[in-house]
Amino acid sequence: MSTLAITDDLFFTQAGLDRPRIEGIVGDALGGADDGELYLEYAQSESLSWDDGRLRNAAFDTMQGFGLRAVAGESIGYAHASSLAEDAIRRAATTVKAVRGGRGGTLAEPPRGTNRQLYSPDNPLAPVPFETKVKLLADLDAYVRAKDPRVRQVSASLSGEWQAVQILRADGARSADIRPLVRISVSVVVGDGDRMEHGSHGAGGRVAYDHYLEDATWQGVADEALRQALVNLGSVPAPAGEMTVVLGPGWPGILLHEAIGHGLEGDFNRKKTSAFSGLLGQRIASPGVTVVDDGTIDRRRGSITIDDEGTPSQCTTLIEDGILVGYMQDRMNARLMGMKPTGNGRRQSFSHHPMPRMTNTVMRSGAHAPEEILRSVKRGLYAVNFGGGQVDITSGKFVFSASEAYLIEDGKIGPAVKGATLIGNGPDALTRVSMVGNDSRLDPGIGVCGKEGQGVPVGVGQPTLRLDGLTVGGTATP
């Protein structure tokens, strides 16, 4: 059964909405607007958390509702409700009409549809019994504790979501998507005497639970969390100062996402509040740096068959060999900037309006082997995993904490260090890339991106990178 047919059953047959009548309401509400849509959503989600040797929390939630949007110029009228009822949609239509203010716009053409589906529409929550999920968490706890006597505490969580959406436009165009999402996370605390350290790891994607119920999968996640904890247990205070920094592949792309990616979203550039505003066609990065936002990667956490305006996802090149060539766009900002939508109009749920958001933001591979990059560094820092960070979109300034990092001494990986932070400026950091590795890879599937109070699942990725002259904040005593 097609996604459109499945969502027709959810929203019209089961919810009792009369489609021709709803289409008439939408057409009347958006008449004279430049753009807009009715966004229908139904979602099921669950989460289980394990801590201190027992199941701490188990939750299941069902959510449904709609959001009706009218766009006139730069103005947005938006009304939503957690009810799939015709009366509620009529009241919303009366509200959003006000944004037109008597002006008459020309309704933008609908997105062109495709027959592509990036993931199975099957509900990952339904086939696996609750007891099986609890047993997985219990087995994981026992597995980690048996691996090393220094393990003090194990925390784990398992979550899943099944989201169905349908988008109706005033011209009668319709599009639909069904999005599964699963994630497993593990945190381990280890101790040696009075010293305690922790490590964490996770994995996820737009797949069913089956993959994560396999021993090799969940044990791999647990092993990595334990490995990081033991590395931190043997770490020394991080040095401070300006030095060469080598970023590992995969999850360190979170720095790329935060310090650079947000600055390449269309709304910030239309409003000229991004450090990259007005720089299309200019060199903003070292030669060899190519960055894309790709929402079409099969089953990845940030992948979407269509965005939340109905535009099919695509691979958008943002930086090509160091030259800024594109921005990530939703429909409104693309129209106002005279550009094309890129399938990046995303929203957290029916109660939020769409805006330009990243999907999977990745730096492409370069020419250098990772070993070659490390050998080229006399003294520096090798940052493999990152924790939290802060970024100012307007200035590009960032501060990121490395959750796993090592000294580089005479081209070799030295001791692990604790408390290292990277301090810099996104546009400036791009020009400091001197070597790009040939090992680009994606993160394991754990990313959540926040913007203006909305969170959406995303992916990041990059190869091993050498950056020269980056400021490192440390904890070592001079």
Side-chain angles (χ1 to χ4, degrees), residues 1-11 14 40-50 55-65 116-140 155-166 175-186 201-222 295-308 313 346-350 359-360 442-449 455-459:
M1 186 181 293
S2 70
T3 55
L4 198 59
I6 295 172
T7 56
D8 275 349
D9 181 62
L10 274 172
F11 299 122
Q14 295 185 34
L40 303 171
E41 178 184 6
Y42 174 88
Q44 293 180 340
S45 62
E46 69 174 5
S47 62
L48 295 84
S49 61
W50 182 276
L55 186 68
R56 282 284 188 181
N57 183 65
F60 183 88
D61 183 52
T62 298
M63 175 184 73
Q64 64 180 13
R116 182 185 62 194
Q117 182 71 33
L118 295 177
Y119 27 77
S120 168
D122 295 338
N123 189 336
L125 280 58
V128 182
F130 176 78
E131 294 77 10
T132 301
K133 300 164 191 172
V134 175
K135 182 177 184 300
L136 166 64
L137 297 175
D139 290 347
L140 191 153
S155 302
S157 64
L158 186 66
S159 61
E161 179 180 316
W162 189 80
Q163 179 195 41
V165 303
Q166 187 172 135
S175 55
D177 202 10
I178 295 176
R179 303 163 179 165
L181 189 65
V182 167
R183 174 173 169 172
I184 184 172
S185 298
V186 182
H201 190 59
R206 295 196 179 279
V207 295
Y209 277 127
D210 298 5
H211 176 65
Y212 299 99
L213 293 173
E214 297 174 1
D215 289 350
T217 303
W218 65 260
Q219 288 177 7
V221 174
T296 70
I297 306 172
D298 187 38
R299 300 187 298 179
R300 296 301 304 185
R301 183 174 174 85
S303 295
I304 47 177
T305 301
I306 57 172
D307 71 5
D308 294 319
S313 62
R346 305 187 66 190
R347 65 183 99 197
Q348 179 175 315
S349 74
F350 66 85
T359 57
N360 303 298
L442 290 164
D443 75 284
I446 59 175
V448 177
C449 173
V456 296
V458 296

Determine whether Y209 and L136 satisfy the following criterion, side-chain contact (heavy atoms from CB on, under 4.5 Å), listing intermediate values before the conclusion. CA-CA 11 Å; Y209 277 127; L136 166 64; over 6 Å; no
side-chain contact (heavy atoms from CB on, under 4.5 Å) between T7 and L40: does it pass, once the steps are laid out? CA-CA 9 Å; T7 56; L40 303 171; over 6 Å; no
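Side-chain atoms of V128 and K133, non-hydrogen and from C-beta on, do get closer than 4.5 Å to each other. Inter-residue side-chain proximity for R179 and V165 is flagged as met; some heavy-atom pair is nearer than 4.5 Å. Residues I184 and L140 are in side-chain contact: their nearest non-hydrogen atoms beyond the backbone lie under 4.5 Å apart.
In this structure, M63 CE and Q44 CD are separated by 11.0 Å, a value rounded to the nearest 0.5 Å. Atom CG of D307 sits about 9.0 Å away from atom CZ of R346, to the nearest 0.5 Å. The distance from the CG atom of D9 to the CD atom of Q14 is 4.5 Å, given to the nearest 0.5 Å. Between D177 atom CG and I304 atom CD1 the span is 8.0 Å, to the nearest 0.5 Å. Separating the CG atom in L10 from the CD1 atom in I178 is a distance of 7.0 Å, to the nearest 0.5 Å. Atom CD of Q348 is separated from atom CD of E41 by 9.5 Å, given to the nearest 0.5 angstrom.
Without hydrogens or angle criteria, D61 side chain to S45 main chain gives no donor-acceptor distance under 3.5 Å. In this structure, S303 contributes its side chain and D298 its backbone to no donor-acceptor pair below 3.5 Å. At distances below 3.5 Å, at least one donor-acceptor pair connects side-chain atoms of R183 with backbone N or O atoms of I446. R206 contributes no side-chain N or O that, together with a main-chain N or O of L118, makes up a donor-acceptor pair within less than 3.5 Å. Using a distance-only test at 3.5 Å, with no hydrogens or angles considered, a donor-acceptor pair links the side chain of T217 to the main chain of H211. In this structure, R116 contributes its side chain and S313 its backbone to a donor-acceptor pair below 3.5 Å. A donor-acceptor pair is defined here as one N or O able to donate and one able to accept, closer than 3.5 Å; no such pair exists between the side chain of R301 and the backbone of V448. Panel note: side chain Y119, backbone T305; a donor-acceptor pair is recorded below 3.5 Å. Between the side chain of W162 and the main chain of P121, a donor-acceptor pair closer than 3.5 Å is present. The closest donor-acceptor contact from the side chain of Y212 to the backbone of L158 lies at 3.5 Å or more, if one exists at all.
Nearest heavy atoms, Y42 versus Q64: CD1-OE1, 3.7 Å. Across all non-hydrogen atoms, the minimal contact from A203 to V221 is CB-CG2, 3.9 Å. Residues L4 and S175 approach most closely at CD1-C, 4.3 Å, considering heavy atoms. Contact record, V207 with P180: O-CB, 4.2 Å, taken as the closest heavy-atom pair.
Under a cut-off of 6.0 angstrom, the local environment of CZ in R299 is sparse, with at most 12 non-hydrogen atoms contributed by other residues, nucleotides or ligands.
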